[in-house]
Trainee: 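The following block contains the structure, expressed as structure tokens.
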Amino acid sequence: MATDPAAGGEAIAAPAALRSRLERLGLRRNEDLVLHLPLRYEDETQLTTVAAAQPGVSVQLEVEVLDVAVQFRPRRQLLVRARDASGELWLRFLNFYGSQTRSLEGVRDDGRRLRVFGEVRSGFLGAEMVHPRLRPVDADAPLSSALTPVYPTTAGVGQASLRRLIARALASVPLNDTCSPAELFGGGSEIAAASVAAAEAKSAAEFTARLVPPAPTLWDFARAVTYLHAPPPDAPEESLQARTHPAWRRIKFDELLAQQLSLKRASLARRRIGAPLLAAPGELARALLAALPFPLTGAQRRVGAEIAADLARPYPMQRLLQGDVGSGKTIVAALAACQAIEAGYQAAFMAPTEILAEQHYLKLSAWLEPLGVSVAWLSGSQKKSQKRAAQAQAAAGAQLVVGTHALIQQDVDFARLGLAIVDEQHRFGVAQRLELRRKGDSPHQLMMSATPIPRTLAMSYYADLDVSTLDELPPGRTPVRTKLVSDSRRDEVIARLRDAVALGRQAYWVCPLIEESEKLQLQTAIETHALLAEELVGLRVGLVHGRLKAAEKAATMAAFAAGEIDVLVATTVIEVGVDVPNASLMVIEHAERFGLSQLHQLRGRVGRGAAESACVLLYQGPLSATARARLRVIHETADGFEIARHDLQLRGPGEFVGSRQSGTPLLRYADLETDVDLIELARDAAARLLASPSGQPAVERHLARWLGWREELLKA
Ligand code: ADP
Ligand code: MG
């Protein structure tokens, strides 16, 4: 059904060339046209005069044509002299056809009039309009009775033909509501509810108390779309533009309802897919726990049990494990891997950077190889022969395969993938996460992130995700002291660094972020390294950045981890996941250039051992208001969730959605930030519809209207 171009409705009747252009706009069916809503409006319901036209404002004039001439200097152009009762006006066209010239001459000769729409400005010859929209009319032709919609469009599809097609679609497509208010909000009609309440209530007070809260009042769908495509002349411009008008709210609600229904249905469908059964006695996990130098935190135990229960279910797990930096997500993932391995399956563990992936590989193989587990390592920077060997291991059934994006390359096959683990999941796109899943036969999936998903996203885009949260840090961590220090006191900071190293501690020195140029950033890192090596004579100063060969990077990280480097100068390559417990001091240069969550992630690299840790944020004034706000938050808060909340406020949710959004062209109208109340309403309505036995036809109708052939795109 999804391949039927007209799924859920009638295909648009238009010539093939136009149809394929419309398809670029996502328009295949008449129903799609109905939901193709204007970006803005032009007011052709009134006429102005040449004399009264304000500069910078689009107006409509009615003029008679005096002269039509093609000029060649300064460049070829069509010039039309026109006038109304108040004065003269030039119409100027730089691109035009011969037919246009002739038709304008026709208007002049027949004594008809021209309605022109555009901005009047004062040109070389006097008042002029450049490339106005124009329409020949007879005298006394009626004005438009509605505002003129301006639609999103693409090359080769003019506004006029879109308007025509949409008007035709509005007349032919049934516009009834897909669901009744009772189906959406329950409670039957308010009158019925009131009469029941009246009959049962013993007192007036009880009567009021028993009254169900009235269903939210939404416009009818038909009223909303008709209004938005053709608002009356006196329509409130502001609320239409801000999309807070009741007509818009209806549309947004319906759109969100479709999203909720489709996500919930996908989640129900997932439950019918068979997944690898990973019920295991738990010997391997117990052996790993026994070998660990620490007991699990309460949060780790709780979350571990949630995951273990998921893995024993016959349908694929789809779980997000969120926990602040340093909360100990890796061991939880390792325990999940143990369960898959013990059940006779493979686990894959994918991380977004070479450094992080390699650290995971080293840690996981140190934990698991002594227990007899085979661990393979696959990264993009390996030599061909190494890569081939790793691929052969994966294909032959290596029990745990750790790697970077290299894991999802085409030539990688798993013998029996049971569990796909994605670390720092927000660093990957949907497509990439999906690729990893496709390496197995509906494997379970565990995603991890230190960046908690904001509530609105959790309710919308991620509604089909179960979430576990590590809300407790392992004991014995000393909180990181964060200091804001002006760049002018750099020398003092260097002196402190020297003292710390003398006490046997190690430090990171994070180079400034230079977003505009990777090359410049690299250069800065190299210069900073040279400078610090000079200033810190006698200390071992290392350098790690993204352009190093993987082997060099790995060697430097290993030397730092082994205590052979005192001060590691680094770019943001160390931002995620790097874990060297003895490093207890971090200096971040030009901290004002970093984002909040980046600073938090960076700071999370220290404070991992028992030693008291500090993070020095060097900044260079003057600070912008947002930079100051960011630095204040990071100085005052250590809680990643709190920081993420501020981040969302300062930046908006785009960052979190990442490439998910591009794969999900569903929310065209609703806005995750401003339409929270509608998301909640839609979520509850979707749950009610899906739970009610009679709701099914309404669900089908609604999804057909909003998604139709698009639903296929949402399966990601
Ligand atoms: P993140 O959640 O940031 O990925 P990691 O898994 O890297 O955190 O863990 C951070 C550090 O804490 C690691 O050195 C890890 O071995 C250690 N760790 C994890 N769990 C515990 C625990 N329960 N007790 C003590 N240390 C722990
Ligand atoms: Mg981690």
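Both ligands and their constituent atoms are indexed starting at 1 by order of listing. Note: hydrogens, waters and symmetry copies are ignored here, and every other heavy atom, side chains too, is used.
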Trainee: Would you mind running through ligand 1 and noting each atom that sits below 4.0 Å from a heavy atom of Leu296?
Mentor: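 Answer, ordered by atom number: 23 (N).
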Trainee: Enumerate the atoms of ligand 1 whose separation from the nearest heavy atom of Ser327 is less than 4.0 angstrom.
Mentor: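 Checking each atom against Ser327, I get 2 (O), 8 (O).
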Trainee: Examine ligand 1 and decide if any of its atoms is less than 4.0 Å from a heavy atom belonging to Asp324.
Mentor: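 So Asp324 counts as touching ligand 1.
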Trainee: Hey, which atoms in ligand 1 end up nearer than 4.0 Å to a heavy atom of Pro474?
Mentor: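 In order of numbering, the contacting atoms are 20 (N), 21 (C), 22 (C), 24 (N), 25 (C), 26 (N), 27 (C).
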Trainee: Can you find a side-chain donor-acceptor pair between Asp310 and His444 that sits under 3.5 Å?
Mentor: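 The answer is no; no qualifying pair exists.
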Trainee: For Asp487 and His590, test the side chains for any donor-to-acceptor distance below 3.5 angstrom and give the result as yes or no.
Mentor: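 On atom types as modelled, these side chains do not qualify, holding no pair under 3.5 Å.
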Trainee: Which atoms of ligand 1 sit under 4.0 Å from any heavy atom of Thr297?
Mentor: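 Numbered from 1, ligand 1 contributes 23 (N).
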Trainee: Just jot down the ligand 1 atoms closer than 4.0 angstrom to any heavy atom of Thr330, in number order.
Mentor: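 Contacts of ligand 1 toward Thr330, numbered from 1: 4 (O), 5 (P), 6 (O), 7 (O).
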Trainee: Is a side-chain donor-acceptor pair under 3.5 Å present for Glu472 with Ser327?
Mentor: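 Side-chain D/A pair, Ser327 to Glu472: absent.
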Trainee: For ligand 1, which atoms, with element, lie under 4.0 Å from some heavy atom of Lys363?
Mentor: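 Here the atoms of ligand 1 in question are 13 (C), 14 (O), 15 (C), 16 (O).
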Trainee: Within the structure, does Phe294 bring an N/O atom to less than 3.5 angstrom of an N/O atom in ligand 1?
Mentor: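 In fact, backbone or side chain, Phe294 has no N or O that close.
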Trainee: Do Ser374 side-chain atoms and Gln399 backbone N/O form a donor-acceptor pair below 3.5 Å?
Mentor: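 It does hold such a pair.
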Trainee: For ligand 1, which atoms, with element, lie under 4.0 Å from some heavy atom of Val325?
Mentor: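 Counting atoms of ligand 1 from 1, those under 4.0 Å from Val325 are 3 (O).
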Trainee: Mark up the atoms of ligand 1 that fall under 4.0 Å of a heavy atom belonging to Pro295, in ascending order.
Mentor: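 Those qualifying, in numeric order: 22 (C), 23 (N), 24 (N).
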Trainee: So, the side chain of Arg437 versus the backbone of Pro443: is there a donor-acceptor pair under 3.5 Å, distance only?
Mentor: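 Between the backbone of Pro443 and the side chain of Arg437 there is no qualifying donor-acceptor contact (under 3.5 Å).
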Trainee: Just by distance, with hydrogens left out, do Ser468 and Arg319 show a side-chain donor and acceptor under 3.5 Å apart?
Mentor: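 Yes, a side-chain donor-acceptor pair sits under 3.5 Å.
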Trainee: On the six-membered ring of Tyr315, is Arg270 placed so that its NZ or CZ lies under 6.0 angstrom from the centre and within 45° of the ring axis?
Mentor: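 So Arg270 doesn't make the cation-pi contact.
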Trainee: Check Met448 against ligand 1 and report side chain, backbone, both or neither, counting heavy atoms closer than 4.0 Å.
Mentor: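 Contact part for Met448 vs ligand 1: neither.
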Trainee: Which atom pair, heavy atoms only, marks the closest approach of Leu419 to Gln445?
Mentor: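 Nearest heavy atoms, Leu419 then Gln445: CD1-N, 4.4 Å.
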Trainee: Would Gly323 count as a contact of ligand 1 if the rule is a heavy atom under 4.0 Å away?
Mentor: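 No, Gly323 has no heavy atom closer than 4.0 Å to ligand 1.
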